[in-house]
Protein chains: 2
Amino acid sequence: MIPQFLKRLDEFSTLSDATQAQLQEYISVVEVPKGEFILKHQEVCRYIFYIEAGFARQYYYKDGKEVTEWFAGNRDFCFSITSYFDGTPSNLLIEAVEDSTVIRLHRDGILQLSKTNPEIAQLAIQMFARSLKFSQLRTESILFQSARDRYLHLLDTKPYVIQKVPLAHIASFLGISQETLSRIRAKV
Amino acid sequence: MIPQFLKRLDEFSTLSDATQAQLQEYISVVEVPKGEFILKHQEVCRYIFYIEAGFARQYYYKDGKEVTEWFAGNRDFCFSITSYFDGTPSNLLIEAVEDSTVIRLHRDGILQLSKTNPEIAQLAIQMFARSLKFSQLRTESILFQSARDRYLHLLDTKPYVIQKVPLAHIASFLGISQETLSRIRAKV
DNA sequence: TTGATTATTTGACGAATGTCAAAGGATTCT
DNA sequence: AGAATCCTTTGACATTCGTCAAATAATCAA
């Protein structure tokens, strides 16, 4: 499982055997049962998480209500950006929507080792660049696409989401009310 | 001017004299008159731009209309994320709203040198981490704040914007119509 | 299975916002 | 100054969307 994960990282930037060995010490695998948290509220996010199997939802609380930020499915990465970089307690919660196998890459394995190992620095740069592009795309989709289009896009790219989480979570992810989403759905 | 810029970079991550000398070759200063472009449409974004003096607007076209993405004022950084990382032609335009002094850091100075110089790799990581946090904050503000709150926040953080650009640009930045912004303004 | 809980849909209504149109200000250029 | 252009405000109206409330459907546990 860990070799596969290293191979996945290698796609971002080539990693020598020595670097892979170095990284191994910062990699751990955890099984998270449905309903449990991959990242708890107020916990400092010390890892980049990789959903090897299963499915997770990222959300936080806004005015007492859950607001879904993202769904992380098969082989997606996820982490709390602010907490990870600043070492502050996370407002973001990451919850396993179903039993999940999660591979964790400790931040020291990236942020510390990157200071001395250029390969790891490259890995970090590539991973963060990727996150940055994703974040950018997300902003654009929110700004320029209607809720309806974004729903259709979600259907297109992550069809399994619709089976796995309640409508209300998808609605909060799209930034619209549950009723509106229900009505959008009725017309498709 | 360039020493000051290096000092600014040094705030992200400490840079030795040798590294600073190395970076210098990738730094250039350009004067951009009002109305001219810092980054043209369809041009590949080969630099991270730093607005030393003056003021710029980032925007692109959506259905034939200009949509403002961001304002870059005093000592702000800006670049087209997608174009910069992928080397694709930029959809984003960066226009000088007033005569501006722009310091450009060539992407080779970051992406290439970071492969061999760990200090530059750290700089890259810190800069991209910062961009990532900004991007994240922007997304949250769009999703969870009303247009009115975002306008007030803009007034709070970049009050000079209101003097410098027409209302329509601010409205498109906020994602609302010009008329709505005018009405919001009438009530403040 | 049955009842309890949770999830989804539907209807009615009001608030917020977009669009179209027009008027009034402000700025720029000659 | 005067004309032309650009910018901003205002009004009227239609549309979208959120909220509240209730009904229906689906899921789960005893």
Side-chain angles (χ1 to χ4, degrees), chain A residues 33-36 55-57 59 61-68 71 93 95-99 140-155 158-188, chain B residues 33-36 55-57 59 61-68 71 93 95-99 140-155 158-188:
Chain A
K34 175 176 178 174
E36 302 278 307
F55 187 60
R57 180 172 71 102
Y59 64 97
Y61 286 97
K62 170 77 182 174
D63 301 331
K65 285 179 194 166
E66 292 183 4
V67 177
T68 299
F71 302 102
L93 295 84
E95 181 183 341
V97 169
E98 51 186 39
D99 295 352
E140 287 175 17
S141 87
I142 292 171
L143 220 40
F144 304 129
Q145 288 183 262
S146 66
R148 185 167 187 281
D149 288 343
R150 280 189 292 134
Y151 174 70
L152 294 176
H153 184 252
L154 184 68
L155 267 186
K158 293 183 185 269
Y160 48 88
V161 170
I162 279 80
Q163 330 298 337
K164 298 189 182 185
V165 303
L167 196 67
H169 294 166
I170 298 171
S172 78
F173 167 70
L174 295 173
I176 58 178
S177 75
Q178 174 174 332
E179 293 90 337
T180 299
L181 179 52
S182 176
R183 285 173 182 124
I184 285 172
R185 213 143 77 144
K187 280 184 204 159
V188 176
Chain B
K34 175 176 177 174
E36 300 280 306
F55 188 60
R57 180 171 70 102
Y59 65 96
Y61 286 98
K62 170 74 183 175
D63 301 331
K65 285 180 194 166
E66 293 182 3
V67 177
T68 299
F71 301 103
L93 296 85
E95 181 183 341
V97 169
E98 52 186 38
D99 294 353
E140 289 174 16
S141 86
I142 293 171
L143 267 181
F144 306 127
Q145 289 182 261
S146 66
R148 185 166 188 284
D149 288 344
R150 281 190 291 135
Y151 174 70
L152 293 177
H153 183 251
L154 183 67
L155 267 187
K158 294 184 186 269
Y160 48 89
V161 169
I162 279 79
Q163 330 298 336
K164 298 188 183 186
V165 304
L167 196 67
H169 295 165
I170 298 171
S172 78
F173 167 71
L174 296 173
I176 59 178
S177 74
Q178 174 175 332
E179 293 89 337
T180 299
L181 179 53
S182 177
R183 285 175 182 122
I184 285 173
R185 212 142 78 141
K187 281 185 206 157
V188 176

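Lettering of chains follows the sequences in order, A, B, ..., and the numbering in each one begins at 1. Treat the numbers as computed from the prediction; the structure is a model and nothing was measured.
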Any side-chain heavy atom of Y59(B) within less than 4.5 Å of one from E95(B)? yes

Could you work out which one of dG18(C), dT10(D), dT9(C) sits closest to the side chain of S182(A)? dT9(C)

Considering only heavy side-chain atoms of P166(B), the closest of dG11(C), dT8(D), dA7(C) is dT8(D)

Of the non-hydrogen atoms in T68(A) and R57(A), which two are nearest, and what is the gap between them? OG1-NH1, 2.9 Å

For the residue pair Y160(A) and F55(A), categorise the inter-ring angle as parallel (less than 30°), tilted (30 to 60°) or perpendicular (more than 60°). perpendicular

For I176(B) and dC17(D), give me the distance from atom CD1 to atom C1', rounded to whole Å. 16 Å

Closest to the side chain of S177(B), out of dC20(C), dG18(C), dT19(D), is dG18(C)

Mind calculating the distance between NZ (K164(B)) and C1' (dC7(D)) to the nearest angstrom? 19 Å

Closest of dC17(D), dG11(D), dG18(C) to the T180(A) side chain is dC17(D)

In whole angstroms, the gap separating P of dT8(D) from CD1 of I170(B) amounts to 8 Å

Could you state the CD-P distance from Q178(A) to dT10(C), rounded to the nearest angstrom? 13 Å

From NE2 of H169(B) over to C1' of dT8(D), roughly how many Å is that when rounded to an integer? 14 Å

How many whole angstroms separate atom CG of L181(A) from atom C1' of dG18(D)? 14 Å

What are the two closest non-hydrogen atoms of I162(A) and Y151(A), and how far apart are they? CG1-OH, 4.2 Å

Nearest whole angstrom, please: distance from the P of dT17(C) to the CZ of R148(B). 10 Å

Proximity to the side chain of R185(B) - top-ranked nucleotide from dG18(D), dT10(D), dT8(D): dT8(D)

Any non-hydrogen side-chain atom of D149(B) less than 4.5 Å from a side-chain atom of H153(B)? no

Out of dT19(C), dT10(D), dG11(C), minimum distance to the side chain of R183(A) belongs to dG11(C)

Can you tell me the distance, in whole Å, between the CD atom of E179(B) and the P atom of dA12(D)? 15 Å

